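The first residue in the sequence is number 1, and the count goes up from there. In listed order, ligands and their atoms are each counted from 1. Everything numeric in this text was worked out from a predicted model, so none of it was measured.
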Amino acid sequence: MRFLPVFFDLSRGSVVLIGSGAPVIAKLRLLRAAGANVRWFSQSADAGGELIHARHYAGTIEILAGEPVEKDLAGAFAIVSFAGKDIDERVARHAHTLNIPVNIVDRPDLSNFIFPAVVDRGDVVVAISTGGASTVLARRLREKIETILPARIGEFAGWMRTYRERLGELRERGVSIRGFWEQVIDGPIGAAFLSGQQEKAEKSLLRKFEGATASNGNGIVHLVGAGPGDADLLTLRALQTLQAADVIFYDELIGPDILDRARRDAKQVFVGKRKGQPGIGQDAINRLLVEAAQAGQNVVRLKGGDPFIFGRGGEELEFLQQAGIAVTIVPGITAALGCAAEAGLPLTFRKEATRLTFVTANVAEGAESIDWTSLADPQSTLVVYMGLSSAAVVQKGLIGAGRDRATPVAVLARGTQPDSTAATGRLDELRDLAASVGEGPALLVVGEAVAHSSVWKADKSIRIEAAA
Ligand code: SAH
């Protein structure tokens, strides 16, 4: 680290700015945004227009002409210059003699401080430096950080500040302030505030304030949907939650790319089923979640797709609520949506596919027990989860219930993952198609909409070629 990042209160001293042109105006704006008093030695006669923009900030701008001499610089808090080689070099020499921090724009050799790329969200400011190596890299990093910070994070910080005085009360009651805020930030109160429900957050926070006692060290569980496999399909909130986790309980649908996005020192615990092994079971998972939360941890229960779609998220939610544990739900892109997007398969289509059903073939009484009559509507798209090994039953059931045996179908396997594959054909071929795609996870999709998909069209051109 060549430069120490610090945040200065510039409202107390003045900064001398020398030069003209776009880079200087940019610095002027930045300094004014931080409330600085600026003495500007402008090298151009036409500074007025730009100044109008900067006027609404606090502080003053004093405009002077020409080149400053040493005594003009004495007493400044800092000096910034972009006034051509000769002036810049003289300014830098004066600054060094006077021991005043100086930044010569684009001249790290003459500067002893540099401006970082800044993410400015009011009270929350992130400064990024590459040590002067590359402004392009710094900007790219800034864009990345912009996307992971919740939009209302600045307001959130301001809101927390308004409670600072009351924290003394909590301390007197023996409550850990850090633990208290961590629960607010990572829990439902923070989630409510950040999603714009300030009133709700306010009420819950007051209740928490009143109820907080020294023993109130409970953690929280986030039921998080990880999407269908591709780590880029995590939602921003899922990513934020993973970055804040102390411990992550994940199952077999979660790949290493997704776990790589979690906080480095978070503990990762596999609770799924490996091939041929039954796994630890839902009751044991529920107990682990409760124990971790009761130990005060920030717990993530990470599930493939969406936690509320065939993911047993509902059961976990109820169990945790009964145990008095705070829970938040972070939705994920369910397999049907991820796979359909990848296959270019519109799940609904005007006039042809006006209804969409998600069904699981993995029911306790076996897929034979499913009532297929309600799924035979020719205008509906049917997405079958966990149906790869029961494709024959699905095929027989739907045809038996009156669905046209020529209905287009697709089997989408390992969707959005590097080895994803698709097979398309007719309903009366479903069993064979399912047998051709290799291992799951896979979805069966049935309906006229399938004929509009890219995978169908690609397969069809192969079929035509083969026939020719
Ligand atoms: N909660 C998950 C579903 C869990 S059930 C979700 O919302 O997606 C597990 C089933 O989901 C698998 O048997 C398979 O049918 C489907 N599935 C999950 N990931 C998939 C993927 N990447 N490609 C195809 N199907 C997938």
*Asks:* List the atom pairs, donor and acceptor, that lie under 3.5 Å between side-chain atoms in residues 279-292 and the rest of the protein, sequence neighbours left out.
*Replies:*
from, atom 1, to, atom 2, distance (Å)
Gln282, NE2, Asn286, OD1, 3.1
Gln282, NE2, Glu316, OE2, 2.8

*Asks:* Within the structure, is a non-hydrogen atom of Lys303 found at a distance of less than 4.0 Å from ligand 1?
*Replies:*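 Heavy atoms of Lys303 never come under 4.0 Å of ligand 1.
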*Asks:* List every atom of ligand 1 that sits less than 4.0 Å from any heavy atom of Arg414, numbering the atoms from 1 in the order shown and giving each element.
*Replies:*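 Near Arg414, meaning under 4.0 Å from one of its heavy atoms, ligand 1 has 22 (N), 23 (N).
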*Asks:* Quick one: do Lys396 and Glu368 make a salt bridge, cutoff under 4.0 Å?
*Replies:*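 Salt bridge absent between Lys396 and Glu368.
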*Asks:* Can you pull the salt bridge (charged side-chain N to carboxylate O under 4.0 Å, His left out) pairs that have at least one residue in residues 183-203, sequence neighbours excluded?
*Replies:*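 Found none.
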*Asks:* What residue and atom, counting heavy atoms only, is the protein's closest point to atom 7 (O) of ligand 1, and at what distance?
*Replies:*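 The answer is Thr334 OG1, 2.6 Å.
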*Asks:* List the closest protein heavy-atom neighbour of atom 21 (C) of ligand 1: residue, atom name, distance to the nearest 0.1 Å.
*Replies:*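 Its nearest protein heavy-atom neighbour is Gly415 N, 3.6 Å.
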*Asks:* When you measure from atom 20 (C) of ligand 1 to each heavy atom in Gly440, Pro441, Ala413, Ala442, which option holds the nearest one?
*Replies:*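 Looking at heavy atoms only, the winner is Pro441.
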*Asks:* Search all heavy atoms of Thr235 against all heavy atoms of Ala238 and return the closest pair with its distance.
*Replies:*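 That closest heavy-atom pairing would be OG1-N, 2.9 Å.
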*Asks:* Closest non-hydrogen protein atom to atom 17 (N) of ligand 1, residue and atom name please, with distance?
*Replies:*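 Looking at atom 17 (N) of ligand 1, the protein heavy atom closest to it is Ala335 CB, 3.4 Å.
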*Asks:* With a 3.5 Å cut-off and no angle check, do the side chains of Glu342 and Thr416 form a donor-acceptor pair?
*Replies:*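 No pair is found: no donor N or O on one side chain lies under 3.5 Å from an acceptor on the other.
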*Asks:* If we only count heavy atoms from C-beta on, is the Leu302 to Leu259 side-chain gap below 4.5 Å?
*Replies:*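 Side-chain contact under 4.5 Å: yes.
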*Asks:* If you have a sec, work out which protein heavy atom is nearest atom 1 (N) of ligand 1 and how many Å separate them, to one decimal?
*Replies:*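 Closest protein heavy atom to atom 1 (N) of ligand 1: Ile309 O, 2.7 Å.
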*Asks:* Could you tell me, atom by atom, which parts of ligand 1 come under 4.0 Å of a heavy atom of Cys339?
*Replies:*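 Within the 4.0 Å cut-off of Cys339, ligand 1 contributes 23 (N), 24 (C).
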*Asks:* Go through ligand 1 atom by atom and flag the ones less than 4.0 Å from a non-hydrogen atom of Gln417.
*Replies:*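 Those of ligand 1 that fall under 4.0 Å from Gln417 are 22 (N).
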*Asks:* Between Asp428 and Arg403, is the closest basic N to carboxylate O distance under 4.0 Å?
*Replies:*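 Salt bridge: no.
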*Asks:* Looking at ligand 1, is there an atom of it that comes within less than 4.0 Å of some heavy atom belonging to Leu412?
*Replies:*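 The answer is yes, since Leu412 has a heavy atom less than 4.0 Å from ligand 1.
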*Asks:* Checking a contact table here: which protein heavy atom is nearest atom 5 (S) of ligand 1, and how many Å away?
*Replies:*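 The answer is Phe310 O, 3.4 Å.
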*Asks:* Considering non-hydrogen atoms of the protein only, which is the closest contact for atom 10 (C) of ligand 1, and what is the distance?
*Replies:*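 Ranked first by proximity to atom 10 (C) of ligand 1 is Met386 CG, 3.7 Å.
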*Asks:* State whether Asp232 and Arg261 are salt-bridged, where the test is any N-O pair (Lys NZ or Arg NE/NH1/NH2 against Asp/Glu carboxylate O) under 4.0 Å.
*Replies:*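 Salt bridge between Asp232 and Arg261, a charged N being under 4.0 Å from a carboxylate O: yes.
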